[in-house]
Amino acid sequence: MLRFSPAILVIARSSMRVPSSMSPTSAFISFSNNIYSLTRSNQHGEAIRLFAELLSQGISADCYVLPSVVKAAAGLSSLKTGAQVHCLAFVNGHHSDSLLLSSLVHFYLKCDRVMDARKVFDRIPRPNVVACSALLSTYARKGCVVETKELLREAVEMGLELNSVSWNGMIAGFNHSRQFKDSVLMFRDMHSEGFKPDGTSVSSVLPAVGDLEMLPCGVQIHGCVIKQGLSQDNWVVSSLVDMYGKCARPNEMSKVCEELPEMDVGACNALITGLSRTGCVEGALKKFKQFKRQGLNLNVVSWTSMIASCSQNGKDMEALELFREMQMEGIMPNSVTIPCLLPACGNIAALMHGKAAHCFSLKNWISNDVYVGTALIDMYANCGRIHLSRRCFDMMPRRNLVSWNALLGGYAMHGKSKEALEVFDLMQKSGLKPDFISFTSVLSACSQGGLTEEGKFYFDSMSRDYGIEPRLEHYSCMVSILGRAGRLAEAYTMVKQMPMEPDGLIWGPLLSSCRVHHNVVIGEVAARKLFKLEPNNPGNYVLLSNIYASKSMWVEVNSVREMMKSKGLRKNPGCSWIEIKNKVHMLLAGDKSHPQMPEITKKLGELRLEMQKSGYLPHTDFVLQDVEEQDKEEMLSDHSEKLAVTLGLLNTSPGFPLQVIKNLRICGDCHAVIKFISEFEGREIFVRDTNRFHHFKDGVCSCGDLW
DNA sequence: CTAGGGTTAG
């Protein structure tokens with residue numbers, strides 16, 4: 001017998017709708033109608049409450065009111081309620097009512113009880129298409145190819161007339177379970193069974209075409225679109241644009257759009273992502289602005305796509321600007337916009353902008369979203385605030401592997417190897433299996449912290465205990481680990497024994513290690529490989545020449561410089577960013593264009609004097625050229641990170657922490673100077689270089705002078 | 001008396 005909790009009955013009684021004078025029949029009709037209309041208007045809870053009231057009055061439910069109740073239970077996804085109704089129906093003898101059983105099929109599907117749904121379905125004396133289609137699409141959605149095809153066959157045997165909705169459901173279902181081939185096959189079968197694909201069929205099947213291998217299928221479907229006269233259907237065009245974008249066919253994208261009498265937002269959004277996917281952010285921006293000027297109603301998706309394109313393609317400042325603009329246009333960012341924006345803040349260490357986005361998430365109740373939380377962890381880590389990453393992590397109500405990896409990677413980047421290994425341990429205790437990204441972070445943490453033996457242990461354990469075969473990036477970490485420990489011969493042996501072809505990710509760290517340990521022999525090997533692999537990367541030439549210079553091998557230094565010159569290569573210009581009062585400043589080495597440059601130079605001069613007083617000697621061997629000592633010193637003073645730090649000193653109040661990010665590795669001299677500044681000026685200074693974070697405080701750096 | 005299907009942002 002159906003039982004509802006006393007609380008529900010109390011509520012039910014308090015909202016009596018039936019005057020006591022009514023006869024049982026009219027009372028029943030009144031209840032029945034009310035329940036029906038409540039369910040129809042999605043007031044599922046009310047419907048159930050009314051049903052409880054009906055029962056409490058001793059009126060028995062018939063097979064006309066029960067489907068509504070089942071539907072209400074499905075609407076609430078309340079397995080308990082629905083199952084109770086199912087029992088009641090059974091007890092009352094309604095075991096073979098088609099309508100009721102169909103509604104139960106939907107209910108069980110809604111509650112993710114596919115087996116139960118199927119059991120009920122099999123009891124329907126004359127099942128209808130709708131229930132069958134629902135089962136079919138659910139099977140497809142779960143990736144149960146065999147079950148789908150079997151039921152499809154049975155349905156035909158039973159004489160069920162499937163319609164295009166049934167087919168479309170299966171097609172979409174297979175895409176959901178990433179069974180792309182089956183999705184396309186279904187589309188084909190549908191065609192050969194004599195069903196004309198409609199707009200829904202096409203936009204359901206097209207997401208299955210995601211790469212060049214599937215493109216021929218996509219082109220065929222496009223042909224079908226033209227034949228069926230669907231070329232002007234907005235949804236169809238959006239899917240076509242998306243498909244051609246994924247397959248890197250920009251010309252096709254615009255051609256398809258031109259078919260539309262008027263450009264549609266969906267197609268516009270697909271076009272923007274398509275363009276940026278094919279590496280053309282400029283084009284995407286141009287289109288975006290053009291559509292905006294034309295008065296097209298751009299929505300959250302449009303703005304979010306544009307922000308994502310920018311932050312994924314090095315246009316971080318533009319991403320921040322777009323975020324501001326969209327709000328001015330009255331478009332409300334959502335829980336997708338924020339994780340698209342945050343990487344841009346992290347990339348250029350725009351902490352204040354990142355914090356603003358964090359506040360936005362809190363205010364708009366989206367901070368509990370896993371993607372938002374994970375992006376916040378990343379952003380704070382990239383802005384040098386690893387403790388804030390941790391706080392965000394701890395506050396997350398739900399986490400996934402990516403969230404854990406973000407924290408792990410953050411600790412690694414900050415050289416906090418102890419914390420990284422702790423997190424690695426905790427993530428496994430929480431029941432998650434580390435993946436290859438987790439191991440990259442673990443190994444990188446070992447490398448940053450100089451944990452040579454631990455690094456070797458985790459490297460071996462990775463394939464032995466976790467079944468994860470080491471990839472290039474793991475070997476790269478091992479080279480760094482051994483290289484940092486000065487075990488260059490061992491590192492080189494490992495490179496020679498690697499199962500895959502070593503690339504720049506391997507030879508680069510080896511060459512850097514040789515630079516640190518002044519190893520000419522292995523350094524030359526690594527450099528030669530690198531010159532072949534990345535002939536136009538000036539960094540490698542500089543490193544080799546530095547190795548020679550450190551051994552006073554000036555002839556060799558000159559020959560490397562000649563090589564660079566003959567290839568027309570110049571040292572990559574050092575570039576640093578610093579955020580001051582919500583504005584991000586970019587400083588280039590040797591660039592005098594910043595309006596405050598005179599002040600910066602003056603301040604740097606003063607600092608240099610102070611440094612000399614305290615016995616500081618510049619590390620001139622970091623300069624490439626064999627030039628006079630005086631010139632060397634001047635060249636050093638122009639490094640962009642020094643300029644950025646000085647600019648920060650000039651424009652913030654005493655004691656305010658500074659953070660700078662740099663596009664190259666920090667050089668030894670700048671490192672020493674910033675250590676000095678952190679003590680002399682009493683500032684915490686965060687510097688992120690390409691390799692890791694340096695947290696300067698009281699004259700000490702968190703990297704322990706190893707990097 | 002009803003019931004079921006689709007595109008574009010992470």
Side-chain angles (χ1 to χ4, degrees), chain A residues 32-33 36-37 39-40 64-65 67-68 70-71 74-75 98-107 109-110 128-138 140-141 162-173 175-176 183 186-187 190 195 197-208 230 233-243 245-246 253 256 264-274 276-277 284 298-312 322 326 331 333-343 366 369-375 378 400 402:
Chain A
S32 192
N33 286 344
Y36 173 71
S37 52
T39 305
R40 280 213 51 172
Y64 296 99
V65 72
S68 293
V70 172
K71 202 186 165 201
S98 290
L99 187 60
L100 177 56
L101 291 177
S102 301
S103 66
L104 281 165
V105 170
H106 288 290
F107 160 75
L109 288 177
K110 179 79 199 298
N128 59 22
V129 204
V130 180
C132 183
S133 309
L135 254 178
L136 282 170
S137 69
T138 308
R141 183 175 282 265
L162 294 179
N163 54 29
S164 42
V165 180
S166 330
W167 289 97
N168 294 346
M170 285 186 286
I171 293 168
N175 273 337
H176 185 91
S183 170
M186 273 294 153
F187 183 81
M190 169 184 194
F195 288 94
D198 56 14
T200 306
S201 325
V202 174
S203 41
S204 302
V205 72
L206 279 175
L230 295 167
D233 180 313
N234 283 333
W235 281 44
V236 169
V237 171
S238 302
S239 332
L240 277 171
V241 171
D242 181 54
M243 174 196 80
K246 283 180 190 151
M253 283 199 290
V256 177
D264 165 68
V265 209
C268 157
N269 299 344
L271 190 62
I272 289 168
T273 20
S276 73
R277 244 198 293 253
L298 300 176
N299 58 19
V300 218
V301 181
S302 328
W303 287 90
T304 306
S305 319
M306 204 56 251
I307 290 174
S309 315
C310 287
S311 63
Q312 288 160 7
L322 280 164
M326 88 182 269
I331 307 290
N334 63 16
S335 61
V336 181
T337 318
I338 301 298
C340 291
L341 172 77
L342 284 171
I366 54 171
D369 183 280
V370 195
Y371 285 97
V372 171
T374 305
D378 251 330
N400 59 23
V402 185

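Lettering of chains follows the sequences in order, A, B, ..., and the numbering in each one begins at 1.
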So what does [X] hit on the nucleic acid, given a heavy-atom distance under 4.0 Å: a base, only sugar-phosphate, or nothing?
| X | value |
| --- | --- |
| A:S137 | nothing |
| A:G199 | base |
| A:S166 | base |
| A:D369 | base |
| A:D233 | base |
| A:N163 | base |
| A:A134 | nothing |
| A:T273 | sugar-phosphate |
| A:T304 | base |
| A:S238 | base |

Contact between [X] and [Y] at the side-chain level, heavy atoms closer than 4.5 Å - yes or no?
| X | Y | answer |
| --- | --- | --- |
| A:P343 | A:Q312 | no |
| A:V70 | A:H106 | no |
| A:W303 | A:L322 | yes |
| A:F107 | A:K71 | no |

Closest approach to the side chain of [X], judged atom by atom: which nucleotide of [options] is it?
| X | options | answer |
| --- | --- | --- |
| A:W235 | B:dG4, B:dT7, B:dT8 | B:dT7 |
| A:S203 | B:dA9, B:dG4, B:dG6 | B:dG6 |
| A:V301 | B:dA9, B:dG6, B:dG4 | B:dA9 |
| A:R277 | B:dG10, B:dA9, B:dG6 | B:dA9 |

Please report, rounded to the nearest Å, how far the [atom2] atom of [N] is from the [atom1] atom of [X].
| X | N | atom1 | atom2 | answer |
| --- | --- | --- | --- | --- |
| A:I366 | B:dA9 | CD1 | P | 18 Å |
| A:L206 | B:dG6 | CG | P | 14 Å |
| A:L271 | B:dT7 | CG | C1' | 14 Å |
| A:D242 | B:dG6 | CG | P | 16 Å |
| A:M306 | B:dG10 | CE | P | 12 Å |
| A:I338 | B:dG10 | CD1 | P | 15 Å |
| A:H176 | B:dT7 | NE2 | C1' | 16 Å |
| A:K110 | B:dG4 | NZ | P | 11 Å |

| query | Is the base of B:dG4 touched by the side chain of A:S133 through a donor-acceptor pair closer than 3.5 angstrom? | reply | yes
| query | Looking just at side-chain N and O atoms, do A:S239 and A:D242 make a donor-acceptor pair shorter than 3.5 Å? | reply | no
| request: Please test A:C268 against A:I272 for side chain to side chain contact (heavy atoms under 4.5 Å, CB included), starting from the C-alpha separation and ending with a verdict. | output: CA-CA 6 Å; A:C268 157; A:I272 289 168; 4.0 Å; yes
Any N/O pairs under 3.5 Å between the protein and nucleotides 1-3 of chain B? List them or say none.
from  : atom 1 : to     : atom 2 : distance (Å)
B:dA3 : N1     : A:N128 : ND2    : 2.8

| query | Does A:S68 have any side chain to side chain contact (heavy atoms under 4.5 Å, CB included) partners at least two apart in sequence or in another chain, and if so, which? | reply |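 By the side chain to side chain contact (heavy atoms under 4.5 Å, CB included) rule, A:S68 matches A:I35, A:Y36, A:T39.
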| Counterpart residues, side chain to side chain donor-acceptor pair (under 3.5 Å), relative to A:N33 (two or more places apart) | none
